[in-house]
2 protein chains.
Amino acid sequence: MDAQLKALAEPRRRKILELVRDQELPAGEIARRFAVTRPAISQHLTVLREAGLLIERREGTKRLYRADPAGLLGLKRFVDRFWMTGLERLKLEAETEAARGERKDQA
Amino acid sequence: MDAQLKALAEPRRRKILELVRDQELPAGEIARRFAVTRPAISQHLTVLREAGLLIERREGTKRLYRADPAGLLGLKRFVDRFWMTGLERLKLEAETEAARGERKDQA
DNA sequence: GGCTTATGTTAGATGTCGCTAACGTAAGCG
DNA sequence: CGCTTACGTTAGCGACATCTAACATAAGCC
């Protein structure tokens, strides 16, 4: 979850993520919509991808990107935990603990 | 929401926030639980407070801190938006727009 | 193989972050 | 007022992040 929050802490990366939330776009098309150089966007895409927030799909020379909602799962749990108290939170923690055996990492 | 994400991107600040999620604690007591100097914690507390994630209450020379769940509202909306599609998202955006007039800032 | 298109990677400059050490402030007590 | 306790604030340093410019890779076309 650390990588995900660090990735989202950058405003431009949030914009990129929102841009590919509903549509799949090539890197160049994404870069074209911002006022920075293409390499800068490429680096942002790398950060987002390594944080598990982006899905990359290659097609010829193009690389198409799309947001991966599953990547925000850990963050969602963290945030949701602040709207709960007592028993409700205990219940969630039990479920999280139970699901831990099924996942490799990505805490 | 930018300040909130930047604040949460630091692991130690998340630990602090979880520490005062259910209980109200004085700054010194919080600092005592970490392996860094007191000023460092004080700075973290300032960042969290300015991000609207902490509530400060003074009592004599002591300053008591407690997590403010409302501070995570913007982030919660952002995250939730990635689990929705189409009409459901449109509905939320309409509600957000309607509520905008009632709040001062804290986007 | 050459040329173009699409993209990633690296080097280096600048900015920002988190830490410690030293100093400042403010409340309570005698 | 002087002393103590509890915190915040500032200066300065080392580490890391973001940007641009230049170079590298890889697919498709002729």
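So that the names make sense, note that chain A is the first sequence line, chain B the second, and so on, each numbered from 1.
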* Asked: Whole Å only: how far is the CG atom of B:L54 from the P atom of D:dG8?
  -> 11 Å
* Under 4.0 angstrom between A:T61 side-chain N/O and C:dA6 OP1 or OP2 -> no
* Heavy-atom donor-acceptor pair, B:R21 side chain to B:P69 backbone, under 3.5 Å -> no
* Return the angle between end axes of the helix from C:dG1-D:dC30 to C:dG30-D:dC1, with five pairs used per end and rounding to 10°. => 10°
* Quickly work out the A:R32 CZ to C:dA6 C1' distance and round it to whole Å. => 14 Å
* Asked: B:R58 CZ to C:dG28 P: how many Å, rounded?
  -> 12 Å
* Write down the distance between CZ (B:R57) and P (D:dA6), rounded to a whole number of angstrom. => 16 Å
* What's the CG-C1' distance between A:L64 and C:dT5, to the nearest Å? -> 14 Å
* Does A:R66 reach the main-chain N or O of A:V20 with its side chain, forming a donor-acceptor pair under 3.5 Å? -> no
* Does B:T46 make a side-chain N or O approach to OP1 or OP2 of D:dT9 shorter than 4.0 Å? -> yes
* Structure fact -> By nearest-heavy-atom nucleotide on DNA chain C, the more 5' of A:K62 and A:R49 is A:K62
* To do: Might you point out which heavy atoms bring B:A7 and B:A51 nearest each other, and give the distance in Å?
  => CB-CB, 4.0 Å
* A:L45 CG to D:dA17 P, straight-line distance once rounded to whole Å -> 17 Å
* Asked: Looking at A:Y65, does the NZ or CZ of A:R57 lie under 6.0 angstrom from its six-membered ring centre and within 45 degrees of the ring axis?
  -> no
* To do: Would you mind reading off the distance between A:R63 atom CZ and C:dG8 atom C1', rounded to a whole angstrom?
  => 6 Å
* To do: For nucleotides 13-25 of chain C, just jot down a letter per nucleotide in 5' to 3' order: B, S or -, based on protein non-hydrogen atoms under 4.0 Å.
  => -----SBBBB---
* Give a yes or no answer on whether the side chain of A:Q4 reaches the backbone of A:G71 with a donor-acceptor pair at less than 3.5 Å. => yes
* To the nearest 0.5 angstrom, please state how far the CG atom of B:D68 sits from the CD atom of B:E56. => 13.0 Å
* To do: For A:R77 and A:M1, run side chain to side chain contact (heavy atoms under 4.5 Å, CB included): C-alpha distance rounded to whole Å, both residues' side-chain angles, the deciding distance at 0.1 Å, then the answer.
  => CA-CA 10 Å; A:R77 278 200 294 258; A:M1 210 187 63; over 6 Å; no
* Under 4.0 Å between a side-chain N/O of B:Y65 and OP1 or OP2 of D:dA6, yes or no? -> no
* Any salt bridge between B:D2 and A:R14, counting N to O under 4.0 Å? -> yes
* Asked: Given atom CD of B:E50 and atom P of D:dG8, what is their separation to the nearest angstrom?
  -> 12 Å
Side-chain atoms of residues 26-42 of chain B: list all donor-acceptor pairs with protein atoms under 3.5 Å, sequence neighbours left out, distances to 0.1 Å.
from, atom 1, to, atom 2, distance (Å)
B:E29, OE1, B:R32, NE, 3.4
B:E29, OE2, B:R32, NH2, 3.1
B:E29, OE2, B:R33, NE, 3.0
B:E29, OE2, B:R33, NH2, 3.0

